[in-house]
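This report refers to the structure that appears directly beneath it.
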Amino acid sequence: MKKRFLIIIMAFCFSPLLFGQEIDPELTEAWEPVPEKVTPGIFPGSPPSDAVILFDGKGLSQWRKTLVGYGGSMAEVEKVAKIRAAMTEYEEQDAEWEVKDGAMIVVPGTGAIETRRAFGDIQLHIEWLSPVDPGKTGQGYSNSGIFLMGTYEIQVLNSYENPTYSNGQAGAMYKQSIPLVNACRPPGEWQYYDIIFTAPRFAGDGSLIKPATITAFHNGILIQNHFELKGPCIYRGEPHYVPHPEKLPLLLQDHGDRVRFRNIWVREL
Ligand code: MG
């Protein structure tokens, strides 16, 4: 009797009515669009087939001296935006950083460099190295920076046993977002960032529709998780958005230290 009761219960539990099997599973299959084929790089960090190669160790043809630089305060950011908007013709000057042993090296005093091409939403891979220099400390030890759209800086700094303010250490969105962890390798060792950046969106009247966001990995470790930027990454004062074009160059900072970069590529999203 007990057994028969159990069979009846089980039959009810697995009935199509209870599990909704009357719905055709094919109804929820999406066949379009078919994702475009991309051939992955050979090694982790190698550029895939659809990447724009910005530096492969051979030369600086993709780079130039920055045309307008970047702002350290909101007043400077606004000035830069005005100069950029007024620019109709310009002469490009070649980047003067050194290329040696497959790396590009900051030549202090030659200034920031930026890509000749402009980018909006991107996936970026970039490798960097802090040279060993025990005499240096804090913000003075291998400072550089990757300025997305020439505006939003992810900090490059030796943060291996080199204390500084947390929102200014390696992997910080400078003065806005502390990295989730310190994933820094010691000076003298190559390390890398993998970044997913979404550009901010502005309405026709210049008002902000959507802030810029960043997700970043440092040596494969998540350090920024879809952080919404408050505006440009500035040195002095509180940031706010200033409208800018949909695409702008990627800029690398000359902060007076001989930081090295290599294997730089982006995928436009
Ligand atoms: Mg910096």
Side-chain angles (χ1 to χ4, degrees), residues 54-55 63 65-66 68-74 76-77 80 95-98 103-115 122 124-133 135-187 189-195 197 212 214 216-219 223-224 227 229-239 248-262 264:
L54 294 177
F55 182 67
W63 300 82
K65 252 180 185 221
T66 178
V68 291
Y70 55 89
S73 65
M74 283 318 302
E76 286 171 20
V77 169
V80 162
E96 291 178 88
W97 290 13
E98 190 182 344
M104 60 157 92
I105 309 167
V106 179
V107 176
T110 60
I113 64 169
E114 66 189 12
T115 53
I122 54 166
L124 165 69
H125 177 88
I126 185 163
E127 301 179 13
W128 56 275
L129 179 146
S130 305
V132 178
D133 198 342
K136 293 185 168 182
T137 57
Q139 291 286 309
Y141 198 158
S142 278
N143 196 331
S144 182
I146 299 152
F147 284 63
L148 298 142
M149 307 193 90
T151 308
Y152 311 101
E153 180 189 10
I154 183 162
Q155 176 70 304
V156 170
L157 189 77
N158 166 34
S159 288
Y160 186 85
E161 296 174 357
N162 177 39
T164 187
Y165 45 96
S166 300
N167 62 359
Q169 73 178 66
M173 291 316 291
Y174 187 72
K175 291 215 169 159
Q176 290 192 36
S177 177
I178 297 167
L180 296 171
V181 291
N182 180 343
C184 233
R185 286 185 177 145
E189 289 185 23
W190 281 101
Q191 37 194 330
Y192 59 96
Y193 288 152
D194 284 295
I195 291 165
F197 175 77
I214 184 155
F217 296 84
H218 185 182
N219 299 322
I223 52 161
Q224 298 289 346
F227 175 70
L229 283 132
K230 298 166 193 163
C233 294
I234 49 172
Y235 178 54
R236 285 179 221 93
E238 289 297 323
L248 283 170
L250 178 74
L251 179 146
L252 300 178
Q253 187 183 38
D254 166 13
H255 202 281
D257 296 314
R258 288 181 60 81
V259 177
R260 296 182 215 171
F261 294 94
R262 73 176 185 191
I264 310 171

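Scope of the values below: all heavy atoms of this structure, side chains included, with no hydrogens, waters or symmetry mates. Only a predicted model underlies this, so the values are computations on that prediction, with no experimental measurement involved. Counting begins at 1 with the first residue of the sequence. Indexing begins at 1, ligand by ligand and atom by atom, following the structure's order.
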Does the pair Arg258/Glu98 count as a salt bridge with the N-to-O cut at 4.0 Å? yes
Is Lys136 salt-bridged to Asp257, going by a charged N under 4.0 Å from an acidic O? yes
What pairs of residues pass the salt bridge (Lys or Arg N to Asp or Glu O under 4.0 Å) test when at least one of them lies in residues 146-175, not counting sequence neighbours? none
Does one side chain, of Gln139 or Gln155, offer a donor that lies under 3.5 Å from an acceptor on the other? yes
I need the protein N, O or S atoms closer than 2.8 Å to the Mg ion (ligand 1), given as residue plus atom name. Asn143 OD1, Ser144 O, Glu153 OE2, Gln155 OE1, Gln253 OE1
State whether the number of non-hydrogen atoms from other residues, nucleotides or ligands found under 6.0 Å of Tyr165 atom OH is greater than 12. yes
Per the side-chain contact (heavy atoms from CB on, under 4.5 Å) rule, which among Leu54, Asp194, Ile195 passes with His125? Asp194
